[in-house]
There are 2 protein chains.
Amino acid sequence: MSRSKSRETRQFRSSSRTRRGENTGADNAPRKRGDTRQNLLDAAMAVMAADQSGLAGLSLRAVAKEAGVSPTAFYRHFSDMEELGMAMLDEIGDMLRRMLREVRKVGDPQQMVQSSLQTFFSFVKENREKFLVLSRERAGGSARMRAAIRNQMSYFSTELASDIQLMGAFPRMTRDDHYRLASMIIQMAVNAVPDVLDLPEDQPETEQALASDMTKQALMLLLGAAHWNADRPAASDSEKDRKNRKGK
Amino acid sequence: MSRSKSRETRQFRSSSRTRRGENTGADNAPRKRGDTRQNLLDAAMAVMAADQSGLAGLSLRAVAKEAGVSPTAFYRHFSDMEELGMAMLDEIGDMLRRMLREVRKVGDPQQMVQSSLQTFFSFVKENREKFLVLSRERAGGSARMRAAIRNQMSYFSTELASDIQLMGAFPRMTRDDHYRLASMIIQMAVNAVPDVLDLPEDQPETEQALASDMTKQALMLLLGAAHWNADRPAASDSEKDRKNRKGK
DNA sequence: ACATAATGTGTACAGTTGTAAACATATTGC
DNA sequence: GCAATATGTTTACAACTGTACACATTATGT
């Protein structure tokens, strides 16, 4: 392997005598003994971000080393790398719920799109590693992982759909339609995650352009929703559409 | 046409006296000597599909074994695993262009959505490994790989946008708008790839449901496009103005 | 026909991987 | 205080990794 970044770490972390009153410091502050599990999770995300491999191609030893812990200590907390991935997903789910809560704070429906996009941007930038994992494992991970991610997104879509429906902006749309709309919006957002992650930090104009583009995408979507079933009295109401009522 | 080309009955059986470990290959038809490069490509896709790892986590030796060649033979064709990935992308790009050509055959704009979706489905099912690579490396691969994939999709979007514009269905939309619409449609399709790939083969009803869902998504998108710029004060309203003045 | 390049094979080696076994220390419950 | 449990370390090993090297075979151009 052409890596050879660091040559064999003899000691993982020497005797940091306890006496650590405070925690929650920066990354390299010595943490308490029991924090190893969290350290492993953080380390895994860090390695995944630094390296460009997915969770499956993640080295247990590399993660342990990054966490400042012996390789075998890994097994005290996770039996498997996939299990660590599931634990990651729990954290990511929490983060997404916080984001949803933030989005819901907006009162004015007129400003809804822009303000939601803004919180989305700031959340992605503040949790880039988590979003990176999310968008990377969504298609690449194990079947179990993919299913779990799909679950998260489905939950998110349901919540958003109910929010939209409560707003009453699209009275002609069924609940299935609302869910579909919400799902499309979320897909749009998740799709943009890599772009947001690759955003150069010093230039806000690129971000502005991306935001404007996403705004237009969302508006076009909402425009379509607003006219849904409005101008198709019977023409396109074929028998096939009515037959399939149940989503997945 | 690409498949059964060489049935040349040369009797020069390659004197494989060594008989290494067991072969997991399903149909190991002896291929000609010079086909190794293609064999490696196919083997890489097969391993990637069987295993669930991305291209980066792919073992050179495993690929070589699957291709039925010695590990060192790999270097005769690719210097790197990433380079093999780029070669893969070339094949995938060809496939996508064939798909686009197929989509363009449709004359009736009324049936456009359904027929396009149908060709999309059949292409995904006939080239599942390639689509798997595409959707997996789109977010997970190396920076170079991701850029290349983005290029492919961008090309595809441009082509589709020009097609749509030539149809003249949305006269109020600028070229940028057309591109955005095309891009959204393609994103929708790429997003659905994992779902299509996970489709159970024995049940056509699930596929029908997915197709119906995608149809509605596309229709909602097109509906939004049809009303784009229709219901707002025309040219003077730039997006900068709208930022503060949206109260009506 | 013959030199040369292209394409393939086997061997070797140093690093890395996951993980088992035995041991050490800290935390907790009684 | 003391056993039990939780959490961590060290050592060890077999399997696997990429790839350098020397060599064998085939294809190709003149």
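Just so you know, these numbers come straight off a predicted model, no measurement behind them. Letters A, B, ... are given to chains in the order of the sequence lines, protein chains preceding strands, and every chain is numbered from 1.
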Looking only at side chains, do B:Gln38 and B:Glu91 share a donor and an acceptor under 3.5 Å apart?
yes
Extract from the structure each pairing of a protein N or O with an N or O of nucleotides 17-21 of chain C at less than 3.5 Å, listing the distance.
from	atom 1	to	atom 2	distance (Å)
C:dT17	OP1	A:Ser59	OG	2.9
C:dG18	OP1	A:Leu60	N	2.7
C:dG18	OP2	A:Leu60	N	3.1
C:dG18	OP2	A:Arg61	N	3.1
C:dG18	N7	A:Arg61	NH1	2.4
C:dG18	O6	A:Arg61	NH1	2.7
C:dT19	OP2	A:Tyr75	OH	2.7
C:dT19	O5'	A:Tyr75	OH	3.1
C:dT19	O4	A:Arg61	NH1	3.1

Any side-chain donor-acceptor pair under 3.5 Å between B:Glu82 and B:Ser142?
yes
Rounded distance in Å - CG (B:Asp51) to P (D:dC16):
14 Å
When the distance from CG of B:Asn39 to P of C:dT9 is rounded to whole Å, what number comes out?
11 Å
Interatomic distance, B:Glu82 CD vs D:dG18 C1' [rounded to whole Å]
16 Å
Filter on ring-ring contact (aromatic ring centres under 6.0 Å, His included), then keep only pairs touching residues 55-75 of chain A, sequence neighbours left out; what's left?
A:Phe74-A:Phe78
What is the distance from CG of B:Leu40 to C1' of C:dT7, rounded to the nearest Å?
12 Å
Distance-only, no hydrogens or angles: does the A:Asn127 side chain make a donor-acceptor pair with backbone N or O of A:Phe123 under 3.5 Å?
yes
Rounded distance (Å) that lies between atom C1' of D:dT19 and atom CZ of B:Phe74:
12 Å
Atom NE2 of B:His77 to atom C1' of D:dG18: distance rounded to whole Å?
17 Å
Before accepting this row, confirm whether a basic side-chain N of the pair B:Lys216/B:Asp213 lies closer than 4.0 Å to the acidic partner's carboxylate O.
no
Taken to the nearest whole Å, CZ/A:Arg37 to P/D:dT7 is 10 Å
With B:Asp198, which residues qualify under salt bridge (Lys or Arg N to Asp or Glu O under 4.0 Å), at least two apart?
A:Arg146, A:Arg150
